[in-house]
Structure formats: C-alpha cells, structure tokens
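Have a look at the structure below before the remarks.
Since the model is a prediction, treat every value here as computed from it, not as a measurement. Every number for a ligand or one of its atoms is a count from 1 in the order of the listing.
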Amino acid sequence: MRRRVTKAVFPVAGLGTRFLPATKSIPKEILTLVDRPLIQYAIDEARAAGITEFIFVTSRGKSALEDYFDHAPELEAKLRRSNKTELLEVLRGTNMESGAIAYLRQHQPLGLGHAVWCARRLIGAEPFAVILPDDVIAGDVPCLKQMVDAHSETGGNMVAAMEVPADKVSAYGVLDVAEDMGMLARVRGMVEKPKPEEAPSRLAVIGRYILTPSVLKNLGKKRAGAGGEIQLTDAIADDIAQGHDVFGFRFRGQRFDCGSKAGFLQATLAFGLARNDLHDDLIEFIEDVVAARRAAQ
Ligand code: G1P
C-alpha cells in the first residue's frame, strides 16, 4: 500500500511587497478574505486532505502567524461567559493540536525550492504536500484532497495544473506534457517562468504539490535557476530525469491568485458571494455599480 500523505509544508517566508503598506507590519498570509486570513484557507484545505503535521517555513516578521494558531484563553473565556457558542466554534477552528504545527526559519530569501528544502529534516523519508497559500482554490472537493485521492493511484510526484493564457506563462512553472490523459498529464519536463515563445505548453503549475523525498535531495544541490533563485520546479524536473514519475493534475475548482491585488479582490468577491449572510447585499451593490457604468457609457 502507498504511504499516506500526512505532512504539508507551507512556504510563508515571502515579504509580500506587492501588498505594501499593508504588509509592512503584518504577514501577507494574515490578509483577510471576508473574515478569515489566507492561511486559514490553506490549513483547512490541508486538514480536509488528511494532513496532520503542518510545517511552516517562515522568516523574520512573521510571528503574527504563530500567534494566530495559538490558543486564546482570555478571548475564549469571554465568549464562553457571554454564551457566544458560534464564535467560540469559529475560534476553535484556528487552534492546532499541540505538536501538530512546526515553524522553521528560512534565514535567507533564496527561493521557493530553498524554503521547501529547509523542512527536509521534519519531512524525512515520506511523500509530503506543499501548499502555497497565495493560490486560493474554491471547489466542492478541496484541491489537495482531489490530489491525494489521485496520488493514491499514481504515486510519484504530482503538481496541480491549469491552462493559462499564452501571454501569462512567464509567471509560472510550465509543464512539458508527454502523455495527456485528461485530468492527469504525464510530464517529461518542467520550466520555471519561461518566455512565452520558449514555453513547452500553456499548462501551468498552481501552488499544490505532492512530492517524493528524492525532490528534497535534488534541492540539496542548491542549483540557482530562474531569477537566480533555487526553484522547486527545477528539483521536480530533475526527478523526471532520474526516472521518477511526475503528473500534472487538472483540479476541479476555481483558482484565485491572491498574490496579486486583482486576484485578491476577485477572491474576496467570490467568497463573499458564496456566503448566505453577505450574498444579497453584495449582489445589490454589484448591480448598482454595473448599472451606473452602463448609464455613463
Ligand atoms: C511559484 C512557483 C511556480 C508556480 C507558481 C504558482 O511561483 O515557482 O512554478 O507556477 O508559484 O502560483 P511564484 O508565484 O512564487 O513566483
């Protein structure tokens, strides 16, 4: 039987400069979609996929993340006293079991691959997931759960993938597909941030991975790639060259690039519209805005 995936790495060391000044004093992963910080969506998705050990790779100035997942005894006591049971439940959803969450520092910003490599000792010799909290994915079945289910059949490495417009490929890791099987694509190569004319396809890597420990070994070579950084994409591509399987997985769901302002606002709107308590007010507002725009044309 294949080993179950129980560990996930959350690379959260980035400075979040695109969201300055908000991120001057708070980590970008604490920025809020409706009423939950980005990181909560990532943790909930991991939990739904059966992850029980959460490894955060952080950097200076990220201590608000540690506090967020800590218990808040005074706040809980206050809510209990005033019988706010619903809020108490919401708050409890942010608590982590003792020992389930580990924080490591990436001391230098050497890239995503390096951040994942920093977690190597905690991962050990088993398959593990990587979640990039900037990529928020809405769907009936959470994306990582879809991948874990598919991975139990395929083994090997798996990356979430979706088609992007040709002029956007240079923002992504891009897959060179050997065999397209629909939801799954067997991959023969991967390129990080290619120029559009050099991209092997339009099938881009989205921030969910299930990886084998040999990728960590490849990362240990510390080869600098695109942008002078140690790239996760290159270490996965090396694994193909070493004879291991890599699959692109076309997930079902809508992905929001919450690393960009437009993507973040779209996600805010989409998640707000999905909420019964906010839906009608929001629709009314959107209709007014559209009507005013039409009238002005
Ligand atoms: C990272 C990865 C890239 C992937 C992307 C998905 O890039 O390096 O391969 O396609 O996430 O969001 P970044 O967005 O950190 O530049």
Side-chain angles (χ1 to χ4, degrees), residues 8-19 23 27-29 31 38-39 41-42 45 56-59 106 108-119 129-138 143-144 147 157-177 185 187 189-196 198-211 215-216 218-219 222-240 246-251 253-264 266-267:
V9 180
F10 300 80
V12 289
L15 290 176
T17 44
R18 273 191 272 181
F19 285 92
T23 46
K28 69 171 170 176
E29 296 79 15
L31 295 180
L38 275 187
I39 195 66
Y41 291 87
E45 186 179 328
F56 279 55
V57 183
T58 70
S59 60
Q106 183 188 25
Q108 286 172 284
L110 297 178
L112 173 62
H114 180 260
V116 172
W117 178 78
C118 287
V130 177
I131 294 189
L132 309 187
D134 275 2
D135 280 329
V136 174
I137 302 172
C143 180
L144 191 64
M147 289 174 70
N157 298 288
M158 186 174 281
V159 299
M162 93 182 196
E163 257 83 22
V164 297
D167 62 339
K168 296 278 189 296
V169 284
S170 54
Y172 297 93
V174 178
L175 303 181
D176 187 356
V177 175
V187 171
M190 292 170 71
V191 195
E192 181 67 15
K193 306 209 164 60
K195 292 192 186 118
E198 283 162 15
S201 74
R202 292 195 297 108
L203 194 56
V205 177
I206 300 303
R208 304 288 183 275
Y209 307 76
I210 298 176
L211 301 174
V215 171
L216 294 172
N218 298 338
L219 285 171
K222 300 201 183 146
R223 182 158 55 88
E229 297 190 337
I230 299 170
Q231 297 291 353
L232 188 55
T233 300
D234 294 340
I236 304 171
D238 287 353
D239 220 40
I240 307 174
V246 176
F247 297 96
F249 179 79
R250 289 189 179 91
F251 54 92
Q254 190 175 5
R255 173 257 186 176
F256 297 95
D257 174 12
C258 289
S260 78
K261 284 174 205 169
F264 198 95
Q266 286 158 15

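Under the side chain to side chain donor-acceptor pair (under 3.5 Å) criterion, Arg18 pairs with no residue at all, not counting sequence neighbours. When the side chain to side chain donor-acceptor pair (under 3.5 Å) test is applied to Asp257, no partner is found at least two apart in sequence or on another chain.
The side chain to side chain donor-acceptor pair (under 3.5 Å) analysis of residues 224-233, with sequence neighbours excluded, yields the pairs Glu192-Thr233.
Protein residues with a heavy atom closer than 4.0 Å to ligand 1 are Leu112, Leu132, Asp135, Tyr172, Gly173, Glu192, Lys193, Val205, Gly207, Tyr209, Gln231, Thr233, Arg255, listed by chain and number.
How far CG of Leu31 is from CD1 of Ile39: 11.5 Å, rounded to the nearest 0.5 Å.
Closest non-hydrogen pair, Ser170 versus Pro196, comes out as CB-CD, 4.4 Å. Between Glu45 and Leu144 the shortest heavy-atom distance is OE2-N, 2.9 Å.
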